[in-house]
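Structure, as structure tokens:
Letters go in sequence order (proteins before strands), and every chain restarts at 1. It should be emphasised that the depicted structure is a prediction, and the values quoted were computed from it without experimental measurement.
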Amino acid sequence: MKLSNFFLSTTKEAPAEAEIVSHQLMMRAGMIKKLGAGIYTWMPLGVRVLRKVENIVREEMNAAGAVELLMPVIQPAELWQESGRWDKMGPEMMRIKDRHDRDFIVQPTSEEVITDIARQELRSWRQLPKNFYHIQTKFRDERRPRFGVMRSREFIMKDAYSFDVDKDGLMKSYQIMYDAYARIFTRLGLEFRAVNADTGNIGGFASHEFQVLAESGEDVIAYAPDSDFAANLEMAEGVAPVAPRAAASKALELVHTPGQKTCEDVGTFLKLPLERQLKAMMYMSDSGFVLCMLRADHMVNEIKLGKVPALANYRPATAEEIEAHLGVEPGYCGPVPRHGNAHPDKVIVVADRTAAAMADFVCGANESGYHVTGGNWGRDCPEPDVVADIRSVVDGDASPDGKGVLKLRRGIEVGHVFALGQAYSAKLGAKFLDKDQKEQVMEMGCYGIGITRVVAAAIEQNHDEKGIIWPQAMAPFAVVIAALGYDRSAEVKAEADSLYASLSASGVDVALDDRGERPGVMFAELELIGIPHRITIGDRGLKEGMVEYQARRDTAATKVPLAEIAAFVARALA
RNA sequence: CGGGGCGUAGCGCAGCCCGGUAGCGCGCCUGGUUUGGGACCAGGAUGUCGAAGGUUCGAAUCCUUUCGCCCCGACCA
């Protein structure tokens, strides 16, 4: 591609609305243009990157035995009513009507359509397993689109759907996709982690998210640097402390703590670290009033809470309910009964594993303006009714697999594999005849990659103060020839043209900057748009028979004899 | 949806409090000088001041309504 023929539109300044670096750089590099909230045009430069990502995804999906098709963006409501998602999906799903006033949706995903295809086309066990995928535009009317294409309403997703005869088959298909995803993100040159994810309420039984590690990520993942353990914060298990609970060494004491309602206040007031305090969280559930106790520096994890039987259908308790059950306002609540105030018989105490292992703790005294110090389970209050993992793990916690300690990092979810089971196939009646001529419901898996989001995530991970630094596999051009004075120097023009021709002929994805821009402008732009390899040809070097090579991450250029540059570049690209 | 903020030239912004006929930087156009790190000189073009209504002799500025956009907030590729 000759850049004089291409279309570049870069700017020095980023629009004020761009908050994160990938959004700013994509706007500055002229990769995308906003058309509305969460709706973007992909400009020529951006499309080249998108296609690179798509092609790698496509190659690996095909290599993994998945077959490509293309399902419609606009889908009739009937299928979605049949699966129940027409009612379940809420305003995130875009609904439209045609001229006959019939209902349609703009697909946020395609389980319904693919399952409809499966139930019509796949009728014998001999046809299974099968994995279909497409790369298609999605629309989700996000309550808050943001960060450019990172969370846009319209985006491009690769979604694949596997169909198997049984759970064993499904788990094999799942593993094949898991491995394919690992290869895809490795080939794309991204630093990522596959993390164990919550299967949520869809009823599936295995799920992993592929997270690109980046500080700007919206998700938090916990992983063990010394092992392959990695999980979503919601999923990472907070293991019980190894050491048994210390024996009580202090007497229970009531201390006056007027106005000290938060753990931080109390800690400062009593000059005690948060690790010595218990904090109380009050909920109402199907079982009644529940008092949850955690170490004060830990955060309650609401997904884990929901998995504790005593907290089925929980919701935060109101101030009135807290007053009624504990006899005290929030801020002074705790498990230690106080005569005339506490009502331990009506209160279910759920303690986090760490909290349950604490001795000589500080907590609310169930009396306004008072805390207790030297509190101990069993001695000063009953042992907790339930001990469970109800907190989010923190940096330095023991890894659940017993290998080292956990670290927390932020991530951007770029892929998700999900063993769905029969959630859709049962509803839509996707059945087949097995070897014994018995009708069986298919086992499904679904597997998504946010193509457009991958592009943004790659920039979050690969940039510097000058601009984007593309991983070679997804660069809009692998190599650029920066011809200095192309419009003025016959020698430069001749050598640049000939190098461009020979690299092109050998299949290198090369761009020739033949625009005759001033060197400063040219270098700044090429660095901003992040071309990983640059060959600079100028009169100055040509006098000595030399050109220069500089990788985007290099701090200085390397002089290379003109005659050797093609071979040099071939090695750099390898 | 709740809270906060913003709509002025292609982009980034000032002007608004305190009404008086719209300005700066970048970009763009013309000519010249330049040409190894976003050049310099001279000249030039560009706005229904988001929209509608109101107050006023007069509105970018004050009032009302409305639309759009951004940021913060527990369902996601």
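- Nucleotide B/rC1: paired with B/rG73 (Watson-Crick or G-U wobble, both distances less than 3.5 Å).
- Residue A/Lys33 places no side-chain N or O under 4.0 Å from the OP1 or OP2 atom of B/rG10.
- A/Leu528 comes within 4.0 angstrom of a base, heavy atoms only.
- Pairing for B/rU56 is absent, with no Watson-Crick or G-U wobble pair whose two atom distances lie under 3.5 Å.
- Side-chain contact check for A/His416 and A/Tyr447: no donor-acceptor pair (N or O, by modelled atom type) lies under 3.5 Å.
- Scanning all heavy atoms of the two residues, the minimum distance from A/Asp539 to A/Glu491 falls at OD1-OE1, 3.8 Å.
- By the 30° and 60° cut-offs, the orientation of the rings of A/Tyr181 relative to A/Phe185 is perpendicular.
- Under the Watson-Crick or G-U wobble criterion, with both distances below 3.5 Å, B/rC6 is paired with B/rG68.
- Note on A/Arg28: a base of the nucleic acid sits closer than 4.0 angstrom, heavy atoms only.
- Counting any heavy atom pair closer than 4.0 Å across all strands shown, A/Glu302 reaches a base atom.
- Side chain of A/Phe155, nearest nucleotide from B/rC69, B/rA77, B/rG36: B/rA77.
- At B/rU35, none of the side-chain N or O atoms of A/Arg488 fall inside 4.0 Å of OP1 or OP2 (strictly under the cut-off).
- Between A/Arg410 and A/Glu215 no salt bridge is recorded (no basic side-chain N to carboxylate O distance below 4.0 Å).
- Take the nearest nucleotide of RNA chain B for A/Phe523 and for A/Glu19: the residue whose nucleotide is more 5' is A/Phe523.
- Annotation: salt bridge (Lys or Arg N to Asp or Glu O under 4.0 Å) contacts involving residues 33-48 of chain A, sequence neighbours excluded, comprise A/Glu17-A/Lys34, A/Arg48-A/Asp509.
- Across all strands, A/Asp219 comes closer than 4.0 Å to base atoms (heavy-atom distances).
- Across all strands shown, nothing is found opposite B/rU35 as a Watson-Crick or G-U wobble partner with both distances under 3.5 Å.
- In this structure B/rC28 sits in a base pair with B/rG44, meeting the Watson-Crick or G-U test at under 3.5 Å.
- Residue A/Val521 is in base contact, counting any heavy-atom pair closer than 4.0 Å across all strands shown.
- Residue A/Gly541 is classed as a base contact, given a heavy-atom separation below 4.0 Å to a base.
- Proximity of A/Arg144 to the phosphate of B/rC71: a side-chain N or O atom is located under 4.0 Å from OP1 or OP2.
- Within the nucleic acid shown, A/Lys138 has no heavy atom closer than 4.0 Å to any nucleic acid atom.
- Within the nucleic acid shown, A/Thr137 has no heavy atom closer than 4.0 Å to any nucleic acid atom.
- Residue contacts shown for A/Ala14 are limited to sugar-phosphate atoms, with no base heavy atom under 4.0 Å away.
- If you check every strand for non-hydrogen atoms under 4.0 Å, A/Thr10 touches a base.
- Between the side chain of A/Arg534 and the base of B/rG37 there is at least one donor-acceptor pair of N/O atoms closer than 3.5 Å.
- Residue contacts for A/Glu209: at a heavy-atom cut-off of 4.0 Å it reaches no nucleic acid atom on any strand shown.
- When all heavy atoms are compared, the tightest approach of A/Ile468 to A/Arg552 is O-NE, 3.2 Å.
- The nearest heavy atom of RNA chain B to A/Arg518 and to A/Gly36 marks one nucleotide each, and the one closer to the 5' end goes with A/Arg518.
- For A/Arg453, the listed nucleotide lying nearest its side chain is B/rC76; candidates were B/rC76, B/rC72, B/rG38.
- Side-chain to base pairing of A/Glu13 with B/rG25: one donor and one acceptor N or O lie within less than 3.5 Å of each other.
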